[in-house]
Protein chains: 2
Amino acid sequence: MQRLNLEEIGRLAGVSRSTVSRVVNGEANVSNTAKERVEAIIAETGYRPHAAARSLASNRTGVIGLVIPSAAETLFDDPYFGRLILGATSASNDMEMTLALFLFEDESDQQSIIRRVIGSGLVDGVIVTAAEIGNSVPDVLRRANLPFVLVGRPDDETVSPHSIDLDNPGGAMLAAGHLADLGRTRPALISAPSNTTAGIDRHKGFIEGLANHGLDVEDRTAEGNWTEASGQTAMTSLLPLEPDSVFVASDRMAVGALRAIREAGLTCPDDIAVVGFDGLIPADQTTPRLTTVMHPVTEIGHRAATLLKSLLDDPDHPAERVMYESQLMIRESCGHQESAS
Amino acid sequence: MQRLNLEEIGRLAGVSRSTVSRVVNGEANVSNTAKERVEAIIAETGYRPHAAARSLASNRTGVIGLVIPSAAETLFDDPYFGRLILGATSASNDMEMTLALFLFEDESDQQSIIRRVIGSGLVDGVIVTAAEIGNSVPDVLRRANLPFVLVGRPDDETVSPHSIDLDNPGGAMLAAGHLADLGRTRPALISAPSNTTAGIDRHKGFIEGLANHGLDVEDRTAEGNWTEASGQTAMTSLLPLEPDSVFVASDRMAVGALRAIREAGLTCPDDIAVVGFDGLIPADQTTPRLTTVMHPVTEIGHRAATLLKSLLDDPDHPAERVMYESQLMIRESCGHQESAS
DNA sequence: GTACGGTTTGGGAGCGCTCTCAGGAAAGGG
DNA sequence: CCCTTTCCTGAGAGCGCTCCCAAACCGTAC
């Protein structure tokens with residue numbers, strides 16, 4: 001089967017390659033008659049421009065990469081990455097771009113993928129999710145001059161001009177305020193890994209929020225690793241300290257915490273109030289329904305892709321740091337606020 | 001910044017473009033001295049071949065697509081797709097290929113993506129997951145002569161020569177046999193959507209497995225849509241029929257069923273034994289630990305990618321239908337088998 | 001009738017690579 | 001010592017597109 005090309009379409013339509021190219025790319029300065037003839041032929045033949053040839057000539061590929069430099073195993077236990085992928089995909093579809101996925105299973109993967117992506121012109125730019133603090137990916141990208149957008153707070157501000165993040169400290173402060181307002185006086189904290197900026201920010205925000213109300217976690221803290229199991233373990237270890245409430249830095253971990261509470265024969269919210277973070281778990285999947293800080297992950301993924309596209313279209317795009325506000329979603333795991341007052 | 005190319009590397013190494021190309025592609029018939037000189041220059045300069053140029057000349061892109069023609073919303077509620085992506089990614093990494101992700105949110109997405117992928121040479125081939133019966137994607141791919149591998153059972157055998165699937169009926173029969181062996185006599189079934197081959201096969205296998213033991217679900221059946229909420233709803237609707245056991249066609253739905261049982265004041269496994277399907281949920285995330293039929297999804301994703309690669313390397317690759325056996329993982333949600341006898 | 005802007009069109013060059021082929025060098029046999 | 005075989009190398013062509021420039025065309029104004 002002979003591949004159709006511009007020249008051939010032009011021959012059939014009685015115009016030149018150049019004119020066909022202009023029609024295909026929707027450029028101005030083409031007469032209506034020529035345009036119609038060409039479009040008819042294209043519809044008739046089902047012609048599609050060849051992506052590689054186009055890339056070679058124009059130095060653009062129409063592909064953006066989504067780079068997730070995390071251990072792959074923990075990746076789909078939490079709905080976070082799925083939602084991020086969804087948002088980025090949706091935006092890519094809208095922009096007629098293609099999304100390529102780069103997951104690293106280990107350090108050597110990271111090396112080989114980075115090497116393959118950089119300088120090969122495979123992608124026009126990438127979205128990178130913040131991984132452990134000190135991860136070298138953003139820095140490598142910056143030095144390679146590959147346009148990229150960071151999702152999450154950069155651990156080093158100089159490394160990336162463009163980033164999209166949630167106000168993690170603010171969200172955690174909301175949680176702290178909520179618990180304080182309900183009269184809880186012995187709050188505990190199950191934090192996310194302290195080698196991630198999200199983990200640090202949520203931790204810090206919660207402590208600060210408590211301090212604003214004259215409260216303190218004292219030694220009622222434990223660290224999880226985002227998994228449900230780690231939340232359960234952490235909660236179990238905190239129970240002897242008799243907390244009357246706990247802020248858990250992710251919903252998935254909060255589910256584990258709820259189980260630990262239930263298995264210890266205690267009840268939520270009567271004995272212990274629980275606030276989660278992310279809002280990615282359907283409300284009716286927990287008993288009681290989990291009060292949590294909302295994190296618009298899908299929207300963030302979407303925004304990351306559109307911002308990246310802006311960078312590609314305009315190399316002088318000014319540095320942009322998008323910050324999403326978090327909101328507290330009050331459900332049942334902390335008891336009733338209004339009726340309590 | 002001037003882009004490095006073969007010619008330039010050749011100049012620096014004192015050889016021709018062609019020789020550099022041979023070294024880069026690991027071809028034979030290059031003298032050791034030339035090879036070493038070229039490799040030294042490449043290492044020194046950090047040269048990477050330009051993907052688009054290579055594609056244009058060789059008609060291969062090194063990119064494979066993963067096509068998931070499903071409503072995106074339900075996509076990441078179940079860990080299934082995440083695992084599939086993980087497996088395919090891992091294999092792609094090993095093969096030095098890039099994985100592009102194509103998710104459809106609606107019918108118009110499907111149209112536009114398919115159009116963009118086909119004939120543009122964007123990808124060398126694709127992995128397609130089976131969607132609702134009657135979905136046109138596989139047929140379109142076949143007619144476009146784009147190599148592809150189907151994950152799941154094709155609803156029409158003629159549409160795809162290559163497929164990778166799990167023995168869904170066999171797995172469901174194992175579940176039926178297990179319940180029968182434990183002396184359960186009033187089994188119920190919460191099935192997966194009947195417009196998917198997996199849904200049909202698991203349903204059929206379970207009914208058949210029961211029949212082999214002289215059992216029947218009678219009217220104790222309900223259909224879910226893979227979500228946890230639907231599992232809960234389905235179980236709640238079945239409780240008045242007083243089943244003593246239930247086979248749930250996915251773990252996520254089984255978690256919902258467990259909650260329905262608990263909320264009705266019944267206990268599992270004493271009042272109702274539960275068997276799930278997929279084995280994708282960590283054992284300790286359910287109470288009691290869920291007995292389930294294992295589904296090696298990650299491995300299936302991996303195998304799909306390697307099979308696709310074989311097709312690309314050898315266009316005459318014989319039709320291949322890979323079928324994975326399922327295994328029953330006995331945990332606690334059906335009670336003890338050995339000690340009961 | 002000529003001159004002049006603006007619009008439309010076609011062709012050349014070139015993006016960086018692979019593939020084929022032919023020629024030169026090295027190695028081995030008579 | 002010459003001829004054949006094998007190994008290695010370089011040059012040419014071409015993949016299908018975009019970008020740029022110059023030519024052709026159009027209508028209007030003088």
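Chain letters run A, B, ... following the sequence lines, proteins first, then strands; residues in each count from 1.
Within the structure, a side-chain polar atom (N or O) of A:Asn25 is placed less than 4.0 Å from OP1 or OP2 of D:dT18. Side-chain nitrogen and oxygen atoms of B:Asn29 include none within less than 4.0 Å of the OP1 or OP2 phosphate oxygen of D:dC7. Distances shown here put every side-chain N or O of B:Tyr47 at or beyond 4.0 Å from the OP1 or OP2 atom of C:dG16.
When the C1' atom of C:dA13 is taken as reference, atom CG of A:Leu56 falls 13 Å away, rounded to whole Å. Rounded to whole angstrom, the span from the CZ atom of A:Arg54 across to the P atom of D:dC17 amounts to 8 Å. Distance CD1 (B:Ile9) to C1' (D:dG10): 17 Å, rounded to an integer number of Å. Atom pair A:Asn59:CG and C:dC17:C1' shows a separation of 14 Å (rounding to whole Å applied). Rounded to an integer number of Å, the gap from B:Glu27 CD to D:dT9 P is 12 Å. Here C:dT18 presents its C1' atom at 13 Å from CD of B:Glu7, a figure rounded to the nearest Å. Protein atom CZ of A:Arg48 is 12 Å distant from nucleotide atom P of D:dC17, rounded to whole Å. Atoms CG (B:Asn32) and C1' (C:dA26) sit 15 Å apart, rounded to a whole Å.
Listed by residue number, B:Val15, B:Ser16, B:Arg17, B:Ser18, B:Thr19, B:Arg22 are the residues of residues 13-24 of chain B with a heavy-atom contact under 4.0 Å to DNA chain D. Contacts between residues 112-126 of chain A and DNA chain C, defined by a heavy-atom separation below 4.0 Å, involve no residue at all.
Side-chain atoms of B:Arg83 and B:Thr298 include no donor-acceptor pair closer than 3.5 Å.
With hydrogens and angles ignored, the 3.5 Å screen pairs a side-chain donor or acceptor of B:Ser55 with a backbone N or O of B:Arg60. Side-chain atoms of A:Ser90 never come within 3.5 Å of backbone atoms of A:Leu86 as a donor-acceptor pair (strictly under, hydrogens ignored). Although no hydrogens or angles enter the test, the distance criterion places no donor-acceptor pair under 3.5 Å between the side chain of B:Arg17 and the main chain of B:Leu6. Between the B:Asp109 side chain and the B:Pro69 main chain, no donor and acceptor come within less than 3.5 Å of each other. Formation of a donor-acceptor pair under 3.5 Å by the B:Asp165 side chain with backbone atoms of B:Arg153 is found in this model. With B:Asn135 contributing its side chain and B:Val137 its backbone, the two residues share a donor-acceptor pair below 3.5 Å. The backbone N or O of A:Glu27 sits nowhere less than 3.5 Å from a side-chain atom of A:Asn25 that would complete a donor-acceptor pair.
The neighbour count for A:Asn195 CG, taken as heavy atoms of other residues, nucleotides or ligands under 6.0 Å away, is above 12. For B:Arg321, the CZ atom sits in a packed shell: over 12 heavy atoms of surrounding residues, nucleotides or ligands are nearer than 6.0 Å.
You'll find that the side chain of A:His50 is closest to D:dC17, out of C:dT9, D:dC17, C:dC17. Each of C:dC17, D:dG16, D:dT9 was ranked by its minimum atom distance to the side chain of B:Val30; first place goes to D:dT9.
Residue A:Ala28 is classed as having no contact, given no heavy-atom separation below 4.0 Å to the nucleic acid. Using a 4.0 Å heavy-atom distance criterion, B:Ala52 is classed as making no nucleic acid contact.
Map B:Ala34 and B:Ala57 each onto its nearest nucleotide of DNA chain D; the residue landing nearer the 5' end is B:Ala34.
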